[in-house]
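The figures here come from the full heavy-atom set of this structure, side chains too, leaving out hydrogens, waters and symmetry mates.
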Amino acid sequence: MSRSYTSNVFLNFPIDAKYRSIRNAMVFSVYDCGFVPRCALEIDNSGEVRFDRIQRLINESKFGIHDISRTELDSATNLPRFNMPLELGVFIGAKRYGSAKQKQKNCLILDIEQYRYQTFISDIAGHDIRSHSNEPEQAIDHIRNWLNNASGRITIPGGSEIRRRFRQFESDLPEMCEAIPIELDELTYNDYSNFVSAWLREN
């Protein structure tokens, strides 16, 4: 798929193994809806400052999905990680203060519980926060419905069909990995994205 502003969806999510099932559902559903997921993990360039990379991806993306569900304290530092709220703030700021093109931005904010954000990031009150309850298929439904409404496209399949295809893809993935070969737990973000894109082209 071509990467263009109106097809790019910036993904802002926790980067840890516990979140991987939601991340995978997010990547699959964005692709299956006909859009291109963009994420800082897609670029492995030590010569580029990570925050510069994030700002560039936000600039290139009309749409954004921001999961602010990771609020637990880090076991090593006993502090929370604020990357997700920071990137959400940059995205909202680009929409508010950017060019006419940037003002077209549209985002989906996800959390574990719908109103939990009020206790730790109350300034985003007024935004429509969606709860995925740590369930990948709930995240798929939210992403599908949001992209359908935000884009106005009439080619986006229903949530039940995307969920069915996601389950089938996950079932097929071990065999796809074996053909390379690569272990499931070795898959990078780009590996997974490439498998999703190739599978959808064939199915």
Side-chain angles (χ1 to χ4, degrees), residues 1 7-42 57 61 63-72 81 83-85 87-88 91 106-117 127-151 153 155-178 182-203:
M1 297 179 182
S7 292
N8 285 344
V9 181
F10 175 72
L11 302 185
N12 171 21
F13 53 75
I15 301 174
D16 59 61
K18 292 180 180 178
Y19 186 80
R20 191 164 296 160
S21 61
I22 302 287
R23 182 204 75 178
N24 291 349
M26 184 184 296
V27 170
F28 185 92
S29 56
V30 169
Y31 270 126
D32 203 19
C33 287
F35 295 81
V36 181
R38 305 299 307 276
C39 171
L41 293 176
E42 75 186 44
L57 290 172
S61 303
F63 302 101
I65 301 173
H66 303 265
D67 192 321
I68 58 173
S69 62
R70 183 66 79 250
T71 56
E72 295 85 352
R81 294 182 62 83
N83 289 341
M84 282 71 70
E87 292 174 30
L88 170 60
F91 193 94
N106 194 308
C107 71
L108 171 67
I109 305 173
L110 298 172
D111 197 2
I112 299 174
E113 301 170 11
Q114 189 163 5
Y115 300 107
R116 194 180 70 117
Y117 74 93
H127 290 271
D128 196 6
I129 315 299
R130 299 294 185 184
S131 166
H132 56 57
S133 304
N134 273 333
E135 295 292 337
E137 294 199 355
Q138 284 191 35
I140 287 174
D141 282 345
H142 290 315
I143 291 167
R144 182 270 166 196
N145 292 338
W146 163 68
L147 280 174
N148 185 66
N149 292 332
S151 70
R153 295 186 184 181
T155 56
I156 297 176
S160 59
E161 175 64 8
I162 298 174
R163 294 195 308 271
R164 182 193 67 79
R165 290 207 285 250
F166 176 65
R167 290 191 293 268
Q168 184 61 56
F169 169 77
E170 290 283 295
S171 176
D172 292 346
L173 184 57
E175 184 176 345
M176 296 168 68
C177 289
E178 188 175 344
I182 185 172
E183 298 294 327
L184 271 171
D185 59 6
E186 292 180 318
L187 292 178
T188 66
Y189 171 84
N190 279 340
D191 290 330
Y192 188 85
S193 294
N194 290 335
F195 275 128
V196 170
S197 183
W199 187 90
L200 286 172
R201 283 196 298 270
E202 296 178 3
N203 293 272

N/O donor-acceptor pair under 3.5 Å between S171 side chain and R167 backbone: no
Flag, side chain of H132 to backbone of N134, donor-acceptor distance under 3.5 Å: yes
Is the closest side-chain heavy-atom distance between C33 and I162 below 4.5 Å? yes
Look at the side chain of H66 and the backbone N and O of P85, then say whether any donor-acceptor pair between them is shorter than 3.5 Å. no
Report the residue from Y192, F195, F35, F166 that forms a ring pair (Phe, Tyr, Trp, His ring centres under 6.0 Å) with F28. F166
Rounded distance [0.5 Å steps], CG in L11 versus CZ in R23: 10.0 Å
Please name all residues satisfying side-chain hydrogen bond (donor to acceptor under 3.5 Å, both in side chains) with E113, sequence neighbours left out, ordered by chain then number. none
Side chain to side chain donor-acceptor pair (under 3.5 Å), that's the test. Do N190 and T188 meet it? Break it down for me. CA-CA 5 Å; N190 279 340; T188 66; 5.4 Å; no
Closest non-hydrogen contact found for I22 with A139 is CG2-CB, 4.3 Å
To the nearest 0.5 Å, what is the distance between CD (E137) and OG (S160)? 10.0 Å
Could you verify whether a donor N or O on one side chain and an acceptor N or O on the other, from W146 and D128, lie under 3.5 Å apart? no
So I15 and N83, side chain to side chain contact (heavy atoms under 4.5 Å, CB included) or not? Walk me through it. CA-CA 10 Å; I15 301 174; N83 289 341; over 6 Å; no
We want to know whether Q168 and D172 form a side-chain donor-acceptor pair, criterion being a heavy-atom distance below 3.5 angstrom. yes
Can you find a pair of side-chain heavy atoms, one from L108 and one from I143, that are under 4.5 Å apart? yes
For D185, all residues meeting side-chain hydrogen bond (donor to acceptor under 3.5 Å, both in side chains), sequence neighbours excluded: none
Pairing residues for R165 by the salt bridge (Lys or Arg N to Asp or Glu O under 4.0 Å) criterion, not counting sequence neighbours: D32, E161
From CA spacing to verdict: side chain to side chain contact (heavy atoms under 4.5 Å, CB included), N106, F91: CA-CA 9 Å; N106 194 308; F91 193 94; over 6 Å; no
To the nearest 0.5 Å, what is the distance between CD1 on I140 and CZ on R164? 12.0 Å
V27 and S193 have their tightest heavy-atom pair at CG1-OG, 3.8 Å
Side chain to side chain contact (heavy atoms under 4.5 Å, CB included) between R38 and V9, worked out: CA-CA 6 Å; R38 305 299 307 276; V9 181; over 6 Å; no
Close side-chain approach of Y19 and F13, heavy atoms under 4.5 Å: yes
When you compare the side chain of M176 with that of F169, does any pair of heavy atoms fall below 4.5 Å? yes
Taking salt bridge (Lys or Arg N to Asp or Glu O under 4.0 Å) as the definition, give me every residue that meets it alongside D16, ordered by chain and number, with sequence neighbours left out. R70
Measure across L88 and N12 and return the closest heavy-atom pair with its distance rounded to 0.1 Å. N-ND2, 3.6 Å
Is the side chain of E42 donor-acceptor paired with the backbone N or O of C39 at a distance under 3.5 Å, no angle test? yes
Hey, does the side chain of S197 reach the backbone of N194 with a donor-acceptor pair shorter than 3.5 angstrom? no
For the CG atom of L200 and the OH atom of Y31, what is their distance to the nearest 0.5 Å? 9.0 Å
Heavy-atom check, side chain of P174 versus side chain of L184, under 4.5 Å: yes
Are S29 and R144 packed together at the side-chain level, in the sense that at least one heavy-atom pair is separated by less than 4.5 angstrom? no
Side-chain (S151) to main-chain (R153) donor-acceptor, under 3.5 angstrom: yes
Quick one: does E186's side chain have a donor or acceptor within less than 3.5 Å of a partner on E183's backbone? yes
In this structure, OG of S131 is separated from CD1 of I109 (nearest 0.5 Å) by 13.5 Å
Would you call L110 and I68 a side-chain contact if the rule is heavy atoms closer than 4.5 Å? no
Across all chains, not counting sequence neighbours, the salt bridge (Lys or Arg N to Asp or Glu O under 4.0 Å) partners of R20 are none
Does P37 reach the side chain of F63, with side-chain heavy atoms less than 4.5 Å apart? no
Could you work out, with salt bridge (Lys or Arg N to Asp or Glu O under 4.0 Å) as the rule, every residue matching R116, not counting sequence neighbours? D111
